[in-house]
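Counting starts at 1 for both ligands and their atoms, in listed order.
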Amino acid sequence: MFRILFRLYLVTIVSFSAAIYLVPDLVIQVFHERFVTYNLDYSRGLQTLIAKQFRAVPSEQWPALAAEMDKEFQPLHIVLNRNDDAEFTLDERERLRRGENVVRIGDWGWRTLAVAPLNEQMVVKMVVPPDPTDVSWLYWSINVLIGATMLACLLLWLRPHWRDLERLKGTAERFGKGHLSERTQISPSSNIGSLANVFDTMAGDIENLLNQQRDLLNAVSHELRTPLTRLDFGLALALSDDLPATSRERLQGLVAHIRELDELVLELLSYSRLQNPARLPEQVDVSLDEFIDSILGSVDEELESPEIVIDVLLNGQLERFSLDPRLTARALQNLLRNAMRYCEKRIQIGVQVCPKGCEIWVDDDGIGIPEEERERIFEPFYRLDRSRDRATGGFGLGLAISRRALEAQGGTLTAQPSPLGGARFRLWLPTPA
Ligand code: ADP
C-alpha cells in the first residue's frame with residue numbers, strides 16, 4: 001500500500017508545487033495592468049503622506065529627512081533618487097516625469113517598490129525588502145504542513161480502497177486455486193463496489209458452469225460404466241464358448257478396447273471428483289520413507305524392464321509429515337508410472353522436508369519435456385507428440401489428476417528439466433497450519 005501511496009503523493013505534491021509556482025506568475029502576467037493599478041491605488045495614501053512630509057521642508061533638508069524616515073519606517077527603506085536614474089525603466093521614468101506614482105510588483109502580486117515624484121528631478125522610493133529568514137521559514141513550514149495534511153488525507157482515502165483491492169486480489173487468488181465458492185464480500189458502497197460485484201457475478205457464473213460440467217461428466221461417466229460392464233461380462237461369456245481362433249482373437253481385441261474405455265471412464269470420474277472435492281483432504285501423519293516404500297510397492301509390477309534402476313534419496317533427517325495419503329499416493333503413482341514409461345534406465349525419487357513443507361521429486365533419464373510444454377502437459381487430455389504416446393498408452397489425464405490431487409491439499413506440482421537428463425516432476429506440500 002505504501003508504494004502506491006508514495007506514488008500518488010509524489011504525483012499530487014509535484015503537480016501541486018508546480019501549479020503553485022507557475023499559476024500565480026501566469027495570472028499576474030496576463031492581468032499585469034490590473035495588479036499594477038490595484039497596487040497603485042493601495043499605496044497612494046502612504047506615498048502621498050511621505051511626499052507631503054518632504055514637500056513641507058526645503059529640498060536641502062530632504063537627504064536628512066530621508067535618512068530619518070528610513071529609520072522610522074524599518075524594515076521598509078525610504079530612499080531619495082533622481083527620476084532619470086538608470087534603475088528605472090523607460091516606462092517608469094516617463095510616468096515619474098508626468099508626476100505619476102510608480103509601483104513594481106513581485107511574487108504573488110505583492111509590491112516590491114513604490115515611487116512618488118517630489119519635483120521635476122527628485123523622487124522618493126519606498127523599497128519593500130524580501131521577507132526575513134525566520135518569516136520565510138514560517139512560510140515554508142506552512143507549505144510542509146499543507147503537504148503533510150495532504151498525505152494524511154490521501155492515506156485516509158487510500159486505506160479502504162487498498163483493503164478492498166487486497167480482498168479482491170485474495171478472492172481472485174483463492175478462486176483461481178479452485179475454491180469456487182469464494183466471493184469478495186465487498187460492500188456495494190465501496191468505490192470498487194461495482195467492480196467487486198462484476199467479479200462476484202462472474203465467479204458465480206463460472207462456478208455454475210463448472211458444476212454443470214462436472215455433473216455432466218459424472219453423469220455420463222456413471223451411465224457409461226453400466227453398459228461397459230455388461231459388455232465386458234457378455235464378451236467374457238462369449239469367449240468361454242468354443243470359438244474359431246480368429247473370432248476369439250477379435251473378441252479378445254474388443255475386450256481390450258472395452259477395458260481401456262472403462263479405464264478412461266474411471267480416470268474421468270477421478271478427475272471430476274478432484275476438481276470439486278466433496279470432502280476436505282485428510283491430514284495423516286506418515287513416516288515419509290515408509291510412505292514412499294508403499295508407493296513403490298504398488299507400482300512395482302508395472303515396471304516394464306528389469307534393467308530400470310529406481311533410487312530413493314531421502315535428504316536430511318527422515319521425518320514424519322502430515323498429508324492426505326490417498327491423494328498424495330495417487331499423484332506419486334501417476335508420476336512414477338510416467339517415469340517408468342519414458343525413462344531410459346534410471347529413475348530417482350528425492351524427498352526433503354523443511355519447516356515450510358515437504359518436497360518430493362521424481363527424476364528420470366528419458367527424453368524430457370520441452371520447456372514450452374511444461375505447463376500444458378497438466379491440462380486434461382493433453383499429450384505430447386502423439387505418435388510417441390500412443391506406444392506408451394495413457395489418456396493424458398494422469399498429470400491433470402496428479403496436480404489436482406496436490407492442489408486440493410494446498411500444494412503444487414511442476415515439471416522441470418532433470419539433472420539425469422530427462423524430466424523432473426517437483427511435488428510440493430506445505431506444512432499444515
Ligand atoms: P498420459 O496418461 O498420456 O501419460 P499424462 O497426463 O500422465 O498423460 O502426461 C501427459 C503427457 O506428458 C504425456 O503424454 C507425455 O507426453 C508427457 N510426459 C509425462 N511424464 C513424462 C516424463 N516423465 N517424461 C517425458 N514426458 C512425459
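- In this structure the side chain of Tyr42 reaches within 4.5 angstrom of the side chain of Arg111, judged on heavy atoms.
- Partners of Asn101 according to the side chain to side chain contact (heavy atoms under 4.5 Å, CB included) rule, which considers only residues two or more places apart in sequence or in another chain, are Leu40, Arg44, Gln47, Ala116, Pro117.
- Interface of Arg341 with ligand 1, defined as ligand atoms under 4.0 Å from a residue heavy atom, comprises 1 (P), 2 (O), 4 (O).
- Where the criterion is an N or O separation shorter than 3.5 Å, residue side chain and backbone included, Ala400 fails it with respect to ligand 1.
- For NE2 of His257, the number of neighbouring non-hydrogen atoms (other residues, nucleotides, ligands) closer than 6.0 Å is 12 at most.
- Ligand 1 places these atoms under 4.0 Å from at least one heavy atom of Tyr382: 10 (C), 11 (C).
- Under a 4.0 Å heavy-atom criterion, Asn334 is not in contact with ligand 1.
- Looking at Arg404 and Glu407, a side-chain N of the basic residue comes within less than 4.0 Å of a carboxylate O on the acidic one, giving a salt bridge.
- Less than 4.0 angstrom separates some heavy atom of Gly398 from each of these atoms of ligand 1: 5 (P), 6 (O), 7 (O).
- Of the candidates Leu384, Asn338, Asp365, Asp363, the one placing a heavy atom closest to atom 7 (O) of ligand 1 is Asn338.
- Close approach of ligand 1 to Phe395 is summarised as follows: ligand atoms under 4.0 Å from at least one heavy atom of the residue are 2 (O), 3 (O).
- Here Leu399 has heavy atoms under 4.0 Å from ligand 1 in both its backbone and its side chain.
- Assignment of Phe425 to the shell around ligand 1 is supported, since a heavy atom sits closer than 4.0 Å.
- Listed by number with element, the atoms of ligand 1 under 4.0 angstrom from any heavy atom of Gly396 are 1 (P), 2 (O), 3 (O), 6 (O), 8 (O).
- For the residues Gly368, Gly366, Ser402, Pro370, the heavy atom positioned nearest atom 25 (C) of ligand 1 is part of Gly368.
- Under 3.5 Å, the side chains of Thr184 and Asp200 contain a donor-acceptor pair of N or O atoms.
- Summarising the geometry, atom CZ belonging to Phe16 is positioned 3.5 Å from atom CD1 belonging to Ile20; distances are rounded to the nearest 0.5 Å.
- Not a single heavy atom of Ile367 lies less than 4.0 angstrom from ligand 1.
- Residue Ile369 holds its CD1 atom at 6.5 Å from CG of Leu384, rounded to the nearest 0.5 Å.
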Using distance only, find each side-chain donor-acceptor pair of residues 419-426 under 3.5 Å and give its atom names and separation, not counting sequence neighbours.
unit_1, atom_1, unit_2, atom_2, d
Arg424, NE, Asp363, OD1, 2.7
Arg424, NE, Asp363, OD2, 3.3
Arg424, NH2, Asp363, OD2, 2.9
Arg426, NE, Glu359, OE2, 2.7

